[in-house]
Each structure stands twice: as structure tokens, then as C-alpha cells.
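Worksheet: the structure to be examined is printed underneath.
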Amino acid sequence: MIKFPSNMKSGDVRQKFLEFFKSKQHKIVPSAPLVVKNDPTLMFTNAGMNQFKDYFLGNSNPISPRIANTQKCLRVSGKHNDLEEVGHDTYHHTLFEMLGNWSFGDADRPEKGYFKKEAIEWAWELLTDIYKIDKDLLYASYFGGDEKDGLEPDLDTLNFWKKVLPEERILPGSKKDNFWEMGDSGPCGPCSEIHVDLRPEKERKRLAGKELVNKDHPLVVEIWNLVFIQFNRLADGNLQKLPSKHVDTGMGLERLCMTLQGVSSNYDTDIFQPIIQKAAAIAGIKYGENEKNDIALRVVSDHLRAVAFSIADGQLPSNNKSGYVIRRILRRAVRYAFTFLGQKEAFLFKLIPTLTKVMGDQFPELISQQQLVKKVIQEEEVGFLRTLDTGIRLLNEVIKNCKKENLKVVSGKNAFELYDTFGFPIDLTELILRENKLEVDLEEFKSELLKQKERSRSATSIETDDWKIVRDADTVTEFIGYDHLEARVKIVRHRKIISNKKEFYQLVFDKTPFYAESGGQVGDTGFIEAHGSSYAVLDTQKENDLLVHILEKLPEKLDAEFKAVVNSSLRMKTIKNHSATHLLHQGLRGILGKHVEQKGSLVEADRLRFDFSHFQKLSDEELSRIELFVNEKIMANYPLQEKRKLSLDRAVEEGALALFGEKYEGEVRTIRFGDSIELCGGTHVQATGEIGLFKIISESAIAAGIRRVEAVTGPKAIAWMQDSESLLNAINKSLNVSPKNTMKAVNSLIEENKKLQKELENLNMEKVVSLRKTLIQDAEIVKGVKIITKRIDNESTESIKDLVFEINKNSKNTISLLGARFGDKANLWLMISSNLVDEKGLNAQEIIRFIGKDINGGGGGQAFYATAGGKNPDGLETALQKGREFILSKL
RNA sequence: GGGGGAUUAGCUCAGUUGGCUAGAGCGUUUGACUGGCAGUCAAGAGGUCACCGGUUCGAGCCCGGUAUUCUCCA
């Protein structure tokens, strides 16, 4: 292994990168949250460029032409799916840090942006001068062209590299390796990768590194990718030249540290080692002694990072969408810890303090959310271990059956059911079966899985057309809905989407009074109108920075000027709830403590919902204090103090509450009512008095450490209180008591009811006992057998059943046959002492079926006891008679 | 958003082509043995079988719907 003189700590590596690009006039920005909001094509940030997507697409203007940062990224689903690889090698990760530098547009004006030349020169300078990587170990690649797309080789890149690298270490690459695309459509362009050969000298002499570039060799790795974005891929597959060119680079911090720290695995760097060591210590093993243990330790250390960062950014494990992805990662870690590290109890959460120590400096959210992260992970672990437990039990059943039937292979359907319905992982199924000398039909399992995937896919197909540009607009849509509920607008672009087989149209205007769903507040509805035709706006959504209006019909005259009108009555209700949410947030923090962090919020016309971190159920007293707090703020009638264009620093200085997992950039807006100040883009009342009244209607848990409060405001709150009052009044009226005696009356009612029920039971019992006595007295005795044949009307089926059981209780040689009429229906009961069943071969079931015909019905039961029912009560006497005769004939 | 499960005593769960007056373990109450505790034994309490509707002579079990929850897929 090559030792580099620097042997830098990961913190220094990161710092040097940012300093270097700062010296090249780049603006350093913080990492965007892992969880992506307002982008239907993306669940998690999976590349450094995600947060700048709108700059590339031209939907919004960059805050600076040159930017650099370190970005936490999660790669676990979609195009880049590495999850099952992670841990088995030394370089795949779910969560990693991407160091990147960007240039946005203006390549023709070198004093601002830049393109290939500078990107390559600086990359070289940083790697060799600052990080002091041996120049002889570096390789570069360039795009070799692609006929199908009609693209020439990227000779510019080749020429720039020639200035610093010998030609034999500059390699042409295919479209797969050297043409970068964001997704099926969107910005794209040729790229140039920098690879480093970290093999020992002996091996390097034997085989040139260039033979191993892009061949998945663990020590010949890509460390930096420089992307030169100059095209837009359309939905039909064609390429369109972009008006301005961009640079987008990404260098994985983990790999870079491996290079600079002279180790042969990302997991041997100071990023992972503390976590691995801690996990090994808890498990009582050593890293590096056993391959299977090592894989498990790598899985655990990697997944722990991914899950912890996601939770800190507000994404909790759950059973769908992005929450489900997080759950799956966590479960994979538990699986490995369970199987290979022998951890049968929750374990991962114990590693959180170590992770926080390693990463907390750069990512303060880990520190402030530590308690929550720990609690959530622990709870999830316990839950999954329970799932595993039931799975193992079910699997044991399967194994038992297989052994009984002498089968060697468990069907894939069986294994799939375990996986699909009970969440029991297939690899564990295989493992346990192998221990029992059985195997599973994997082919069948896979085909079942495929079937399920197909079903899901066909159920959720969304087709999206390309945007059709109506008129050029270089600026972003201006939202004017803070001040106006009506405006004259023009359509800038539109497209058709098909979702669930229904067609919708998405429209973007030059400016709009419609609020697009964000920050929990739902999107506005309303209509647009021109030339006497009006079109309903069903919803307004945000797609990154684009404000998209959703309509069922596309207006005919696209170039017309439209009157846009927001449904103001809904909006007015909504703003009450939004302002109340701010006051609620303030109240929660004041009364419960500063650990309360917003974890989710929904603001609509009818109600508001607020999720926050807190570790126990709110007591009734806390709830009423919070309710009172908010209502006092309402009565104080604080006026709205809104600041629209403030720098983030300034806003925070003024005391504004910023949320983890939210992206803030450039200028922010603050909303203040009295002492409550929040960063917020939503719409609000002019003064808190407008809210009228605030009423909490429910409090519940939604996950470990997260509580939910739902509330209503204004007329809705009044209606709610009136409803509960009239309900109480109605109850009092029925009970004929005054309000202060309600509880007393209800309690005594319950008591009395219980007492009466007991009494009734006793009474019934007494009746049964006395009836039983007379029946036994009246019984005819034939050959030592007591035979009771009797019709008993006016009793419930239940008590007759009791009676029959009572008669035959503890008595031998007894047969009771009872009949009863209920309106136009009839029933029969027959019980035969078990010794008669054995000795005389009497079967109650047979007999009851036979005589059941007479009452026009059927029946059944066991040999000693059977019942029948029918629709002909007039046949009861015949049935009893026939039954008696039949029994006599058998004795 | 689409599939598949689950819901039975305070808790964890059984309940076998519909015949059930619904069971087990743990917990709980009482009593016995022991100087006390632990322990052992015995007896007991505790259930609208999630809810609504249907099929059937009869439904915990079958069918439809609702709610809650788990799980897989997107």
C-alpha cells in the first residue's frame, strides 16, 4: 500500500477542498437535506447536483455562478441501486459525502463561470498540489463519442488533459461511463473521470493501471467525476442543446480519504473505523479476523449512517415511500447483526453516540437530534426483531410439514408469502432451511416477486409529456398571492400528464396568486378565465422551484391573458390554521421544552395537524395549558409582521426558528406574531385575532418519540365545542341530572347494570335448576336409561342449552331431547351421556338430522350433543315422538 | 397508489373442511404448605372473539364493507 505523506484526517480533507474552491471565487453552501421535497422524480438527494437542478434546467437563477460544497447523498433506490452490494466489498455505500464544485452558465464570460479548461486544471491542482497524490498514479478518461446519439468524441477534454498527463494515461470512454445523465430525461453531457491506482508497486509493474480502469478493481478507483452539462434529454429520447453550459463535479469523500490515508478500504478510514470498532466491541469480536463478521460490521456501520442522517433530517422509518426505504436499510443492518454478530436484541442504537462524535462537527443536526435518532432506531429494531420472531415460528411450521411429507424443497410461493406478508427476509429463510438440510425454490420466489412488481407498476403509471413553451420568460414565476387573490396572468408553458388513466394539464404562469403546496400548507384552488370561458384550477403544486397549476382541461386560447381567481373562502380558512400552527409550535416549545422540533405539518382549510418530537404522551393538563396559551395569543391580537427579503443569517439573528431538513437558500421570509418568529413561505392572517378560537381535537403517537396534535380554528372550533356541549346536554337530559352529576350518574348506571346482569344470570340458573329437577323426575326409565322428551317454549335458546348441559352433567345413562318454538321457527336439542354413545352406538348427530326433517330443517353436532333448527314449528311434536321411538329401538 | 395478512382474557398467543357453554402460558385474586420471603400446590375472577351487514338450523371460523395495524411492491 502506498503511504502518502499527508495522511490527512477526514475533517481536514473536507476543509481543504472547501478552502481551495473558496480561493477560486466559489461560494461555499451547506449540504442540502437528504430528503427531497417538491420533486416527484426523486425521494432522496443522490448526487451533489440535486439541489442545483433548477439552475441547470433554467427554472431559477443561481445564487452565485460558482458554488462548492460537501453534500450528504443517499443511493439506495432507482437508477443507482447499490443496497445489496453494500458491505460485501470495500467501496459501496448507501450514504456518502460528495465534494463538488459547480459553474452555472456564462461559460463565455470567463470572469464569472467556467467550463472544461478550468475544471480540469483545478482538479489537477487540488489533487497533486494540495492533496499531494503521486501524479504517476492518476488516470483520466474522456467521452469517446456515440453514434446513436450523433455525438463526436470530446476532444476538448482530451486536449486539456494532455497538458498535464501523458497520453497513455488518458483513456476514451463509452456512453455508459463517460456520458452522464440525471435520469431518463433532463440535463446531461459528457464527463471526464479521474481514477487513481492504489495497488502496491509490484502489482503496478506487472499490469498497467489503465487495464483496470472502470473494471471494478477495489484499488483502481474513480475518485472524481467532472461533468460538462450541455444537453437536455427530452422525453422522446432526443438531445437538445442547452443555451448555456455548466460544470458539475463530484468527488466521494470516503474514497478520497482512503487514498490519502493510505488504506485499502473506505471502511478503514477514520470515517468508519470508530463505529466499526465500537460495534465489534459490543459484539465481542475483532474486525479483520473473520470475513463474515467483517461484512456484517461494514453493513452495520454504513447503514447506521444512512438511517441516522435520514432521521435527523426528519425522515422517519415507516411503511411507505421514502420512510419505507429507510426502514429497509435499517432492517438490512439488523439482519446482519442478528445473523452474523449474534445480536438478538436491539443494538444499532448503541452506536449513535460514536457516530455523533465522528460526524457531529460537520453536521450539527446529528448532535441536536441525537436523542430522537437513538430512540427511533431502538424502537424500529425492537419492532423488526419481533417480526423476525414470528417469521421464525412460521418457518418452523413449514419445516415441520416438509419433514412430515419428506420434501427436500420448500416452494417459492411459501417463501414468498413469508417475505411478502410477514416481512421475513429471504436470505434468512434460506439460511434456516439450510441448517435443516432443506432448500427453497428460488426461481419460483423470484417469479412471484416479479409478478408483484408488475402489478404495482401497472397500478401507478404516470406519463409525463415534455413542456410546451408558450412564451419565453427568463425569470421565475412571481408568487403574488401574499397580497392578491386575483390577477391577470399569462401562460408560460404547459404539459399533459396521465395519472391513473386520467388526463391532467400542468400550467405555469408568468405570475400567480395561487399558493403552491409547501411547508405543510395545501395548494390553492380556484379558476382562470378568458373570453368568457373559465377553467377550474384543481390544485397548485411546487415542482422544485416551478409553480405548477393543475387543470382538467387545457384552455383553448393559450396566448390569451387570463383572469386568475383563488377560491378565497378556502384560503381564508387555511390562513387561520397556518397562523395558529405557528402559535401552537411556540406553545409546545414553551410548555413542553426546547426539545420540541417540528417533524411534519399539514395546514388545510378544515383543520391543522402538527407532528413534533416529544417523548411521552401529553397529559390532559399540558394539553389544556397549550390550548390556553394559543388562545391568549389570539386574544392579544398580535399584528402580522412580515419580512420578505432577509438573509438567512439576519433572520436567525432575529430569533427566527429554522427547521432541520428544510432547505433555505438566498433570501428568506420571516413571519412574526408577538414573540413567535418563524421562517415561513406560507400565507397568514393580518392579526392573530382573526383566528377567533383554537381547539385541540386529538393527541396521538405516530412513531417512537414523535407525537401528533390535531386542532381546528375559527367557526370550525366553535362548532366543535357546540357539538360536544349539545352531546353532553343530551346525555344529561336522558339521565335527568344536572351537569355536575353526570359522572356520578353514569358510574352508578354501570354499577347497577353489572349487578343486574349477575342477578339475571343467577335467576336463570335457578330456573334451569328447578326445571332440571322436574324434568328428571318426569323422565321415563327404560332398561336403566333415563329418557327425557319434552317441549319447552317460552325460554331462550341459551337457557335451554344450559338446561340440557345441566341435566346431563355428571350423570350416566341419560338422554335428553328437548324442543322449542320461536315464532315461526323451531329448534331441537339432543344430548346423550357419553357411556351410551360408546356402549349402544347412539349418535346424536345422526338422530338430530333424521328428526330435523320434521321441522323442515337440518342440524348437526357431535355424537354426544347435537342441535337442529327448522322452519316448521308444527312438526315439533312429531319430531320428538320419532326421536323417542328411535332411541327406544336402539336400547 | 396496488397486493397480502392480522385484530380472540391485562399481556403473548392456540382455536384443525362452520357443531364452542371459546382455551393455554404469563400476570392477577384468594387459600394451603413454610418462622418470613422465594417457591410449590389448589381454587377463582377476567371475553359483545375489532365494528357493521350477509349466508346458514347453527358463525370466532364462510362472504361483503368499515376501522386499526403489520408487511411487500411502486
Side-chain angles (χ1 to χ4, degrees), chain A residues 40-41 43 77-78 81 317-325 327-328 331 380 382-391 393-394 397 401 413-426 445-446 448-462 499-502 700-703 753-754 757-758 761 764-765 768 796-809 819-831 843-846 848-873 875-876 879:
Chain A
T41 64
M43 284 201 275
S77 59
N81 191 346
S318 72
N319 62 353
N320 53 33
K321 302 221 167 108
S322 39
Y324 180 57
V325 174
R327 174 168 280 175
R328 254 179 24 198
R331 289 186 166 192
E380 270 295 306
V382 170
F384 184 52
L385 288 167
R386 209 170 23 230
T387 301
L388 288 183
D389 217 51
T390 21
R393 236 186 27 235
L394 291 168
E397 283 296 311
N401 286 336
K413 271 200 173 133
N414 249 328
F416 185 75
E417 192 201 3
L418 271 170
Y419 169 75
D420 180 44
T421 302
F422 299 100
F424 196 70
I426 182 69
F445 176 85
K446 281 179 189 157
E448 288 292 315
L449 186 63
L450 219 65
K451 263 192 249 167
Q452 143 128 318
K453 285 190 176 180
E454 199 38 57
R455 248 198 324 264
S456 290
R457 231 192 303 277
S458 59
T460 41
S461 64
I462 295 181
S499 167
N500 270 343
K501 289 172 189 154
K502 272 183 84 179
S700 56
I702 59 161
N753 190 36
K754 259 189 186 164
Q757 242 171 28
K758 272 265 181 271
E761 250 171 60
N764 259 330
M765 205 31 107
V768 164
S796 71
T797 49
E798 276 304 302
S799 43
I800 299 179
K801 201 174 190 178
D802 276 342
L803 178 62
V804 175
F805 272 83
E806 279 302 316
I807 294 171
N808 280 53
K809 204 171 172 183
R821 174 193 189 122
F822 298 96
D824 54 356
K825 286 193 174 180
N827 287 69
L828 291 165
W829 292 259
L830 172 61
M831 183 168 257
N843 188 326
Q845 195 166 200
E846 277 171 21
I848 211 84
R849 286 220 174 102
F850 172 60
I851 62 176
K853 285 178 197 147
D854 292 310
I855 54 167
N856 199 6
Q862 299 109 300
F864 77 101
Y865 170 68
T867 56
K871 289 166 188 163
N872 177 24
L876 268 173

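Note on naming: letters A, B, ... go to the chains in the order of the sequence lines (proteins, then strands), and numbering restarts at 1 for each one. Since the model is a prediction, treat every value here as computed from it, not as a measurement.
Between A:Y324 and the phosphate of B:C72, there is a side-chain N or O to OP1/OP2 separation shorter than 4.0 Å. Remark: A:R328 is not in phosphate contact with B:U71, judged by side-chain N or O atoms under 4.0 Å from OP1 or OP2. Residue A:K825 places none of its side-chain N or O atoms closer than 4.0 Å to OP1 or OP2 of B:C57. Not one side-chain nitrogen or oxygen of A:R386 sits closer than 4.0 Å to the OP1 or OP2 atom of B:U69.
A salt bridge is defined here as a Lys NZ or Arg NE, NH1 or NH2 lying under 4.0 Å from an Asp or Glu carboxylate O, and A:K451 with A:E448 meets this definition.
When the P atom is compared between B:C52 and B:A59, the two are found 15 Å apart, to the nearest whole Å. Rounded to whole Å, the C1' atom of B:A22 lies 8 Å from the corresponding atom of B:U8. A distance of about 7 Å separates the C1' atoms of B:G10 and B:G27, rounded to the whole Å. Here the separation of B:U16 from B:A50, taken at their P atoms, is 15 Å to the nearest Å. Separating the C1' atom of B:A14 from that of B:C61 is a span of 14 Å, rounded to the nearest Å. B:C33 and B:A38 have their C1' atoms separated by 14 Å, given to the nearest Å. Comparing the P positions of B:G19 and B:C62 gives an interatomic distance of 11 Å, to the nearest angstrom. Nucleotides B:C11 and B:U28 have their P atoms positioned 15 Å apart, rounded to a whole Å.
What separates NZ of A:K871 from P of B:U55 is a distance of 10 Å, to the nearest Å. Distance, A:F864 CZ to B:G19 C1': 10 Å, rounded to whole Å. Atom P of nucleotide B:G4 and atom NZ of A:K451 are separated by 13 Å, given to the nearest angstrom. Across the protein-nucleic acid pair, A:L450 atom CG and B:A74 atom C1' stand 13 Å apart, rounded to whole Å. Between the CG atom of A:L830 and the C1' atom of B:G58 there is a distance of 16 Å, rounded to whole Å. One atom, CG of A:L394, and another, P of B:A6, lie 11 Å apart when rounded to the nearest Å. We find that OH of A:Y419 is positioned 17 Å from P of B:G5, with the value rounded to whole Å. Atom CZ in A:F422 sits about 10 Å away from atom P in B:U7, given to the nearest Å.
Atom CG of A:D854 and atom CG of A:L876 lie 9.5 Å apart (nearest 0.5 Å). Note that CZ of A:F416 and CG of A:L450 are 10.0 Å apart. Values are rounded to the nearest 0.5 Å. A:Q845 contributes atom CD, which lies 15.5 Å from atom CZ of A:F850 (distance to the nearest 0.5 angstrom). If you take OH on A:Y865 and CD1 on A:I848, they are separated by 9.0 Å, rounding to the nearest 0.5 Å.
For A:A879 against A:L828, the heavy-atom pair with the smallest separation is CB-CD1, 4.1 Å.
If you check every strand for non-hydrogen atoms under 4.0 Å, A:G423 touches sugar and phosphate atoms only. Residue contacts for A:R327: at a heavy-atom cut-off of 4.0 Å it reaches the sugar-phosphate backbone alone, with no base atom in range.
Contact check for A:K453 versus A:L449: side-chain heavy atoms found under the 4.5 Å cut-off.
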Take A:L418 and A:L394 through the side chain to side chain contact (heavy atoms under 4.5 Å, CB included) test and state the conclusion after the steps.
-> CA-CA 8 Å; A:L418 271 170; A:L394 291 168; 3.8 Å; yes
Pairing string of RNA chain B (Watson-Crick or G-U wobble, both atom distances under 3.5 Å; | = paired to other strand) is (((((((..((((.....[...)))).((((((.....)))))).....(((((..]....)))))))))))).
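Residue A:D420 places a side-chain atom within donor-acceptor reach of the base of B:G3, judged by atom type and a 3.5 Å distance cut-off alone. With hydrogens and angles ignored, a donor-acceptor pair closer than 3.5 Å exists between the side chain of A:T867 and the base of B:G19.
Nearest nucleotide to the A:R455 side chain, out of B:C72, B:C57, B:G3: B:G3. Closest contact between the side chain of A:S456 and the listed nucleotides B:A74, B:G5, B:U71 involves B:A74.
Nearest-nucleotide positions on RNA chain B place A:R393 closer to the 5' end than the other of A:R393 and A:E380. Along RNA chain B, the nucleotide nearest A:K453 and the nucleotide nearest A:E417 are compared for position; the residue whose nucleotide lies closer to the 5' end is A:E417.
Ring-centre distance between A:F424 and A:Y419: not below the 6.0 Å cut-off.
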